[in-house]
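Everything on this sheet refers to the single structure shown next.
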There are 2 protein chains.
Amino acid sequence: MKDLLYLKDQQLKDLIEKLFIVYRDTFTDPKKILNKYSIGTAHHKVIHLVSTYEGISISELLKKLKITKQSLNRVLKDLVKLEVINFKKDEIDTRIKHVYLNEKGKKIFLEIFETQKKRIYNALLESSSDEVVNFDKVLKKIING
Amino acid sequence: MKDLLYLKDQQLKDLIEKLFIVYRDTFTDPKKILNKYSIGTAHHKVIHLVSTYEGISISELLKKLKITKQSLNRVLKDLVKLEVINFKKDEIDTRIKHVYLNEKGKKIFLEIFETQKKRIYNALLESSSDEVVNFDKVLKKIING
DNA sequence: TGGATATGTCAATATAACTTACCTATTATG
DNA sequence: CATAATAGGTAAGTTATATTGACATATCCA
């Protein structure tokens with residue numbers, strides 16, 4: 001990054017505004033479907049993570065979501081009632097609970113994901129692979145900053 | 001985008017997870033300072049927008065934030081009580097109210113922005129200008145999708 | 001003059017998070 | 001083996017941010 005023209009305050013402000021819009025819209029798109037199952041974005045995030053990290057533990061979920069266990073517990077209870085997740089005790093350390101999506105859960109995840117995917121997918125379709133790779137790279141750098 | 005390898009579901013899921021993390025962290029960094037002034041992220045967003053779009057109208061704010069006027073009004077009242085914003089009637093159409101940050105507001109914005117900036121700034125410093133340009137391009141495409 | 005626009009406000013409700021506090025069960029360690 | 005640390009659960013109350021619905025006022029435009 002030699003060309004510091006890219007780092008003017010106004011440009012950073014614009015980027016922050018865009019990050020807000022992208023996040024909001026990405027997590028607003030699925031809301032009609034979430035409503036259908038009487039769940040919200042908090043549940044969606046858990047379903048998303050459990051879909052990506054099958055068998056993730058409760059404490060790993062807490063670290064990724066950065067919420068309190070009381071908050072997570074409410075969401076997990078709802079998902080159990082909705083019959084979309086199940087738990088399996090760790091065979092070695094039985095304190096640890098692993099979370100999985102069952103078939104219904106996987107189906108609902110895909111249904112949600114379809115609506116959420118469109119926005120990202122269409123944007124990436126219109127992008128060069130360089131653009132996509134760079135997009136991902138910068139996201140990673142922001143996260144690890 | 002010819003190389004469809006970049007568009008596997010797992011990659012899209014990872015991107016969505018990263019968008020969530022980047023948004024959350026970007027708007028978590030300033031919270032210590034927001035606490036100091038007894039305001040929250042909702043107030044921060046308004047201050048941010050008014051800083052970028054000086055003299056923005058109420059209805060323009062509503063369009064950008066995509067919240068109800070009841071919600072916005074609560075936030076604006078708090079900001080008036082904190083004495084960081086003021087209003088000016090449009091000279092032609094007196095129904096329209098323009099919002100401005102006063103000196104205290106500008107100072108507080110900068111204080112908040114400093115903490116928020118670090119994360120983005122450091123990431124961009126470590127990036128090539130191509131990466132930064134592409135990052136911005138893809139964000140725009142996601143927004144306009 | 002009547003309809004649309006810009007804004008304000010009251011009341012009730014929902015969602016998702018928080019703090020504080022305390023609990024059990026299990027594993028790891030001195 | 002005793003004790004600390006870890007993984008997880010739970011209860012009560014609170015806060016932040018948003019919603020819906022209804023209604024009010026002032027101003028502009030055709």
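Source: prediction; values computed, not measured. In what follows, chains carry the letters A, B, and so on, assigned in the order in which the sequence lines appear, proteins first and then strands, with residues in each chain numbered from 1.
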What is the first contacted nucleotide of DNA chain D and what is the last, in 5' to 3' order, if contact means an atom lying under 4.0 angstrom from a heavy atom of chain B?
dT17(D) to dC28(D)
Regarding His43(A), tell me which of base, sugar-phosphate or nothing describes its non-hydrogen contacts under 4.0 Å with the strands shown.
sugar-phosphate
How is Lys77(B) classified with respect to the nucleic acid when contacts are heavy atoms under 4.0 Å: base, sugar-phosphate, or nothing?
sugar-phosphate
Rounded to the nearest angstrom, tell me the gap between atom CG in Asn73(B) and atom P in dA6(C).
16 Å
Whole angstroms only, please: what is the CZ-P distance between Arg24(B) and dA16(C)?
16 Å
The side chain to side chain contact (heavy atoms under 4.5 Å, CB included) partner of Ile85(A) among Leu79(A), Val46(A), Ile47(A) is Leu79(A)
List the steps and the verdict of ring-ring contact (aromatic ring centres under 6.0 Å, His included) for Phe87(B) and His98(B).
CA-CA 5 Å; Phe87(B) 304 112; His98(B) 298 286; over 10 Å; no
Spacing of Ile67(B) atom CD1 relative to dT7(C) atom P, expressed in whole Å:
14 Å
Give me the one residue out of Arg119(B), Gln116(B), Lys118(B) that meets side chain to side chain donor-acceptor pair (under 3.5 Å) with Asp29(B).
Arg119(B)
Let me spell it out: for each of Leu72(A) and Ile58(B), pick the nucleotide of DNA chain C with the closest heavy atom. Which residue's pick is nearer the 5' end?
Ile58(B)
If I take atom CG in residue Leu62(A) and atom C1' in nucleotide dA16(C), what distance separates them, rounded to the nearest angstrom?
15 Å
More than 12 heavy atoms of other residues, nucleotides or ligands under 6.0 Å from CD of Glu83(B): is that the case?
no
Please give, in whole Å, the distance from dA14(C) C1' to Leu34(A) CG?
15 Å
Apply side-chain contact (heavy atoms from CB on, under 4.5 Å) to the pair Leu82(A) and Tyr37(A), showing each step before the final yes or no.
CA-CA 8 Å; Leu82(A) 189 61; Tyr37(A) 297 104; 4.2 Å; yes
Are Glu131(B) and Lys137(A) close enough for a salt bridge, meaning some N to O gap below 4.0 Å?
yes
Let me spell it out: for each of Lys66(B) and Glu60(A), pick the nucleotide of DNA chain D with the closest heavy atom. Which residue's pick is nearer the 5' end?
Glu60(A)
Using a cut-off of less than 4.0 Å, is there contact between a side-chain N or O of Ser71(A) and OP1 or OP2 of dC18(C)?
yes
Heavy atoms under 4.0 Å, any strand shown: does Ser59(A) hit a base, just sugar-phosphate, or nothing?
sugar-phosphate
Whole-Å distance between dA17(C) C1' and Arg74(A) CZ?
8 Å
Using atom CZ of Phe27(B) as one end and atom P of dA17(C) as the other, report the distance to the nearest whole Å.
17 Å
Considering residues, nucleotides and ligands other than Glu91(B), do more than 12 of their heavy atoms fall under 6.0 Å from its CD?
no
Is Asp90(A) salt-bridged to Arg95(A), cutoff N-O under 4.0 Å?
no
Glu17(B) and Lys45(A) ion-paired at < 4.0 Å:
no
What is the per-nucleotide protein-contact pattern of nucleotides 20-30 of chain C, from the 5' end, where B denotes a base atom under 4.0 Å from a protein heavy atom, S denotes such proximity for sugar-phosphate atoms only, and - denotes neither?
BB---BBS---
